[in-house]
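Here the structure is a predicted model, which means the values were calculated and not measured. Below, chains carry the letters A, B, ... as their sequence lines are ordered, and counting in each starts from 1.
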Protein chains: 2
Amino acid sequence: MSISTKLAKLGYKFTKPRLQVLNYLEKEKSLISARNLHKKIKAIDRASVYRTLNLLEKEHLVNVEIIEKEKLYCLADHPHHHIICRKCGYAEEFDCDKNEFKKFYNFSNIHHQLTLTGICNKCNTITNE
Amino acid sequence: MSISTKLAKLGYKFTKPRLQVLNYLEKEKSLISARNLHKKIKAIDRASVYRTLNLLEKEHLVNVEIIEKEKLYCLADHPHHHIICRKCGYAEEFDCDKNEFKKFYNFSNIHHQLTLTGICNKCNTITNE
DNA sequence: ATCTGAATTGCGAATAGTTCGCAATATGAT
DNA sequence: ATCATATTGCGAACTATTCGCAATTCAGAT
Ligand SMILES: [Mn+2]
Ligand SMILES: [Mn+2]
Ligand SMILES: [Zn+2]
Ligand SMILES: [Zn+2]
């Protein structure tokens with residue numbers, strides 16, 4: 001089921017801002033912040049970008065990672081996380097095994113947020129030459 | 001080696017604000033934010049609390065988790081993470097196996113940030129009664 | 001113990017990401 | 001087409017954090 005269909009099923013109206021944000025996220029292969037998303041979609045307001053991303057987050061349709069207080073988003077089409085270069089922001093995905101976190105009997109409704117950061121090969125080379 | 005000794009070794013001055021922050025963190029069994037730390041140590045300035053925590057973070061002497069855009073700190077005396085109740089903020093620790101993240105050959109100097117959130121037993125009971 | 005230069009502090013102003021209030025507009029059910 | 005209401009755009013507001021800078025404190029040398 002496409003994400004826009006999911007949104008409709010959840011009772012949300014299918015508006016131009018939402019369409020544009022979804023379109024962009026579907027193209028984007030990496031992580032993107034609200035701020036950069038807004039730069040890319042100049043036609044819609046900053047607040048609408050934030051509101052749409054919040055909605056997608058609430059419905060678990062995007063993954064969120066926080067780097068330096070800024071939320072970074074990508075579509076949650078499959079369970080995964082990212083490792084992000086602290087120098088240049090380059091990101092790679094890796095799969096996520098949700099079962100890993102089943103062991104916490106004292107809590108229910110467990111969510112998890114895992115972010116790895118490092119220095120990518122390219123930046124490492126630049127630094128050391 | 002005590003943390004204050006470590007700080008001295010790293011060339012930092014041993015000041016009243018730093019002492020007070022360290023003292024408080026050593027007592028604290030849970031996670032605490034800069035804001036709440038400042039409430040507890042009224043004698044020192046907000047900016048000094050932030051500056052000390054940043055210093056401790058840079059030197060890897062505290063663990064940091066971000067919940068709703070606020071950084072939460074605890075002493076990094078042993079490798080661990082927390083699972084935090086989304087309703088009341090109650091936190092439990094769990095051990096961390098750093099070797100888990102060695103597999104990312106394309107990155108060096110890997111750091112990781114893992115945060116679990118859930119609803120604790122107590123809050124779960126309250127909600128359903 | 002005093003001196004001294006550098007590190008650190010406190011203060012208030014500034015910043016950055018995000019949210020809010022509200023009037024105007026777009027949506028989709030009838 | 002009409003209508004109720006969900007959503008938008010705009011600017012102002014909010015919150016955690018940082019910054020600039022003068023005043024203070026620290027630690028090492030005398
Ligand atoms: Mn991704
Ligand atoms: Mn802890
Ligand atoms: Zn890089
Ligand atoms: Zn709770």
Side-chain angles (χ1 to χ4, degrees), chain A residues 3-25 31-59 61-74 84 89 113 115, chain B residues 3-25 31-59 61-74 84 89 113 115:
Chain A
I3 297 197
S4 27
T5 311
K6 277 186 194 163
L7 277 186
K9 281 236 160 101
L10 289 163
Y12 296 109
K13 289 187 176 173
F14 195 58
T15 66
K16 204 182 302 177
R18 285 172 185 164
L19 179 64
Q20 295 202 247
V21 167
L22 283 172
N23 273 346
Y24 197 90
L25 288 179
L31 289 159
I32 190 162
S33 64
R35 186 229 298 253
N36 282 334
L37 199 38
H38 180 230
K39 272 186 199 154
K40 297 282 183 180
I41 316 178
K42 289 161 297 201
I44 72 180
D45 190 73
R46 183 165 34 103
S48 299
V49 172
Y50 279 98
R51 285 190 278 232
T52 299
L53 290 171
N54 285 344
L55 180 161
L56 294 173
E57 182 177 358
K58 178 161 58 140
E59 302 299 347
L61 297 172
V62 287
N63 292 338
V64 185
E65 326 219 358
I66 301 182
I67 297 287
E68 318 234 20
K69 283 169 232 105
E70 194 172 35
K71 284 184 173 182
L72 303 180
Y73 300 85
C74 79
I84 304 169
Q113 207 249 304
T115 306
Chain B
I3 296 195
S4 28
T5 311
K6 278 186 194 163
L7 276 186
K9 280 236 161 101
L10 290 164
Y12 296 109
K13 288 189 176 174
F14 194 58
T15 66
K16 203 185 301 178
R18 286 171 184 166
L19 179 64
Q20 296 202 247
V21 166
L22 282 171
N23 274 346
Y24 197 92
L25 287 179
L31 289 159
I32 191 162
S33 64
R35 186 229 297 254
N36 281 334
L37 198 38
H38 180 231
K39 273 186 196 156
K40 297 283 183 182
I41 316 177
K42 288 162 298 201
I44 73 179
D45 189 73
R46 184 167 32 103
S48 299
V49 173
Y50 280 98
R51 285 189 277 232
T52 299
L53 291 172
N54 285 344
L55 181 162
L56 294 173
E57 183 177 357
K58 178 161 56 140
E59 302 299 348
L61 297 171
V62 287
N63 292 338
V64 184
E65 325 218 359
I66 301 182
I67 296 287
E68 318 234 18
K69 280 167 234 112
E70 195 172 34
K71 283 185 175 182
L72 302 181
Y73 300 85
C74 79
I84 305 169
Q113 206 249 304
T115 307

Within this structure, what is the [atom1]-to-[atom2] distance between [X] and [N], rounded to whole angstrom?
{"X": "B:Glu68", "N": "D:dT17", "atom1": "CD", "atom2": "P", "answer": "13 Å"}
{"X": "A:Lys58", "N": "C:dT19", "atom1": "NZ", "atom2": "P", "answer": "13 Å"}
{"X": "A:Arg51", "N": "C:dT25", "atom1": "CZ", "atom2": "C1'", "answer": "13 Å"}
{"X": "B:Ile66", "N": "D:dT15", "atom1": "CD1", "atom2": "P", "answer": "19 Å"}
{"X": "A:Gln20", "N": "D:dG9", "atom1": "CD", "atom2": "C1'", "answer": "14 Å"}
{"X": "B:Asn54", "N": "C:dT8", "atom1": "CG", "atom2": "P", "answer": "13 Å"}
{"X": "B:Arg18", "N": "D:dT24", "atom1": "CZ", "atom2": "C1'", "answer": "14 Å"}
{"X": "B:Asn36", "N": "D:dT17", "atom1": "CG", "atom2": "P", "answer": "11 Å"}

Quick one: are [X] and [Y] in side-chain contact, heavy atoms under 4.5 Å?
{"X": "B:Thr52", "Y": "B:Thr15", "answer": "no"}
{"X": "A:Lys58", "Y": "A:Leu55", "answer": "no"}
{"X": "B:Ile32", "Y": "B:Tyr24", "answer": "yes"}
{"X": "A:Glu65", "Y": "A:Gln113", "answer": "yes"}

Please determine if a side-chain N or O atom of [X] lies less than 4.0 Å away from the OP1 or OP2 oxygen of [N].
{"X": "B:Thr15", "N": "C:dT9", "result": "yes"}
{"X": "A:Arg46", "N": "D:dC10", "result": "no"}
{"X": "A:Tyr50", "N": "C:dT19", "result": "no"}
{"X": "A:Lys69", "N": "C:dT18", "result": "no"}
{"X": "A:Ser48", "N": "D:dG9", "result": "yes"}

Could one point to a donor on the side chain of A:Lys13 or the base of D:dT5 with an acceptor on the other under 3.5 Å away? yes

Salt-bridge present (B:Glu57, B:Lys71; N to O < 4.0 Å): yes

Nearest-nucleotide comparison on DNA chain C, the residue closer to the 5′ end among A:Ala34 and B:Val49: B:Val49

Of all the nucleotides listed (D:dT8, C:dT18, D:dG9), which has the minimum atom distance to the side chain of A:Glu70? C:dT18

